[in-house]
Amino acid sequence: MDERRVDVAIIGSGSAGLYALSQVRKTDRSFVLINGGETGTTCARVGCMPSKVMIQIAEDVHRRMVYSRYGIEGQEGVRVALPEAMEYVRDLRDNFVDRVLSNSTDQLGDEFIEGYARFVGPDLLEVEGQRIRAAKIIIATGSSPIVPEPWQAFGERIITTDTLFEQEELPETLAVIGLGVIGLEMGQALHRMGVQTTGIDMIEGIGGLQDPAVSKTALEVLGAEFPIWLGQGAEITAQDGKLRVSAGERSVLVDKALCSIGRRPNLQGLDLAAAGIECDERGIPDFNRSTMQIGDLPIFIAGDVNGERQVLHEAGDEGRIAGYNAVHEEIRAFKRKVPLTINFCDPNICTVGTRWSELDPETTAVGQIGFGPVGRALIMAKNKGLLRIYADKQSGRLLGAEMLAPKGENLAHLIAWSIQQRLTVGDLLRMPFYHPVIEEAFQAALYDLYANVEAKNTGGITESAPL
Ligand SMILES: Cc1cc2nc3c(=O)[nH]c(=O)nc-3n(C[C@H](O)[C@H](O)[C@H](O)COP(=O)(O)OP(=O)(O)OC[C@H]3O[C@@H](n4cnc5c(N)ncnc54)[C@H](O)[C@@H]3O)c2cc1C
């Protein structure tokens, strides 16, 4: 078998792989980029982008619910023509994919290899009958939706986000099984677009929230829109050409079920053992989160495949770290960013910084604001939700937040940046807050928090610091 030698082999041309490649291409190192399956990245093809297009359609049509309040007539006639809506989703999706491809693999010659790679040794890969010997290897193979084997027998009645955006018609009735980020985003959006949706999760919470107060509010607000059943695992049986989905005592007959119970790292088929890679009990290689190196092997792992921060900007960062370390003699450790997740359901669900379960109640102060009376939220007719922020009681340094919030995507960034800058509640209260903006909710939560922290501003809460 032919053997080709390169300095770096990147397995997977998703976001992590492409960011890794951007580092490699800054040098004169030889490389190959190997991709099995569809190109164009999960983000652009079946992830972040098409899902957000769908959410935008859903949000716009849902807006009709406030028309009568404003004196706008014709609310009853506003609806989504589903085939056209889905075509629009795909058109925009194709645009995003084309943009990714034209900026990446389209520019490569024989450095780009299509096929599934597997390890033959720690520095040797096999792909499509070719052997690649690489001084450094980056695993960036992403993740795939989990569908329990018995459910696979229901064929096209079970959809995942890999197939959702390809649907030309949407079902009349749908069960969404798994209400983490993806299930909640898509479940609410589909319901708003006219699909009768029932959401089911085996745990007692939604959207990955941990703070009990925010979790309760999220359930009240989102549960008022479509049925949400928690605390019982779903079971599916076939009935009259449809699916009977049951959870404990409750059951519903639906045309299709969206399976969103999680994503499994794409490690099967790579034959990690042949490379001498040891895995933990989840089957994931033990790696260094600051260098992305696996043990002391010349192998790095980046993006969803490592099973940790399965979001786009982290896949990008991890790809860059892995790529940097693959082309430098000395392995460098990089500081990771403040954790930030945004669920684009409406209101947004966001988590920032230290998670509720990791906080020490003895040393943590909490501040909060409900969105009922927030001026900007009232103006937008979106005054539902709760923001809770956490700080170190003694120093007042901001630690984290959870929220169900209108424009939460913006608030969450502000809070993440504040935490990364190591700002205190007092520092933040000295910042300007315009009126009337959604950031005033953050300001109100800060006031509430300020009362519970020991570190106070000299010369008043809001006055500028003395020169
Ligand atoms: C519906 C949905 C919505 C999302 N929304 C958001 C969002 O709003 N914001 C956000 O930050 N994140 C979001 N995400 C998550 C985000 O899309 C992922 O974190 C990110 O795309 C992961 O990139 P990656 O490079 O790790 O994987 P991928 O982009 O999946 O790339 C991996 C590539 O490796 C290939 N491959 C697999 N095995 C092999 C092999 N053996 N050999 C060669 N190639 C192989 C795969 O086919 C694939 O092309 C969403 C995900 C989904 C599914």
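Each residue takes its place number in the sequence, starting with 1. Start at 1 and go down the list; that is how both ligands and their atoms are numbered.
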contact_flag [X] ligand 1 heavy-atom lt 4.0 Å:
X	answer
Arg309	no
Glu318	no
Ser51	yes
Lys52	yes
Gly319	no

Give the atom numbers and elements of ligand 1 that come within less than 4.0 Å of a heavy atom of [X].
X	result
Gly303	26 (O)
Asn35	33 (C), 34 (O), 35 (C), 43 (C), 44 (N), 46 (C), 48 (C), 49 (O)
Ala140	32 (C), 33 (C), 34 (O)
Ser15	25 (O), 29 (O)
Val46	1 (C), 53 (C)
Gln310	15 (C), 19 (O)
Ile182	2 (C), 52 (C), 53 (C)
Gly142	26 (O), 27 (O), 30 (O), 32 (C)

Can you report which non-hydrogen protein atom sits closest to [atom], along with the distance?
atom	answer
atom 46 (C) of ligand 1	Gly36 O, 3.6 Å
atom 30 (O) of ligand 1	Thr42 OG1, 2.5 Å
atom 21 (O) of ligand 1	Cys43 N, 3.5 Å
atom 23 (O) of ligand 1	Ala315 CB, 3.9 Å
atom 4 (C) of ligand 1	Cys48 N, 3.4 Å
atom 40 (C) of ligand 1	Tyr116 CD2, 3.5 Å

Residue portion contacting ligand 1 (non-hydrogen atoms closer than 4.0 Å) for [X]:
X	answer
Arg263	side chain
Pro145	neither
Leu312	both
Thr141	both

Does the pair [X]/[Y] count as a salt bridge with the N-to-O cut at 4.0 Å?
X	Y	answer
Glu402	Arg355	yes
Glu225	Arg192	yes
Asp317	Lys337	yes
Glu166	Arg93	yes
Asp346	Lys382	yes
Lys216	Glu220	yes
Lys407	Glu439	no

For the 3.5 Å polar cut-off, considering only N or O atoms, please tell me whether [X] and ligand 1 meet it.
X	answer
Ala16	yes
Thr41	no
Asp304	yes

Ile137 CD1 to Ile132 CD1 distance, which is reported to the nearest 0.5 Å: 9.5 Å

CD1 on Ile113 to CD1 on Ile10, rounded to 0.5 Å: 11.5 Å

Other residues, nucleotides, ligands: >12 heavy atoms within 6.0 Å of Gln421 CD: no

Atom CD of Gln196: over 12 foreign heavy atoms under 6.0 Å: no

Criterion side-chain hydrogen bond (donor to acceptor under 3.5 Å, both in side chains) on Arg320 and Gln23, from CA distance to verdict: CA-CA 6 Å; Arg320 275 190 286 250; Gln23 292 294 317; over 6 Å; no

Cation-aromatic face contact Arg289/Phe287, 6.0 Å, 45 degrees: yes

Asn266 side chain to Thr141 side chain, donor-acceptor N/O pair below 3.5 angstrom: no

Trp417 and His413 aromatic ring geometry - parallel, tilted or perpendicular at 30°/60° bounds: perpendicular

Trp356 and Tyr390 aromatic ring geometry - parallel, tilted or perpendicular at 30°/60° bounds: tilted

Nearest neighbour of atom 41 (N) of ligand 1 from the list Gly14, Ser13, Ala117, Gly47, on a heavy-atom basis: Ala117

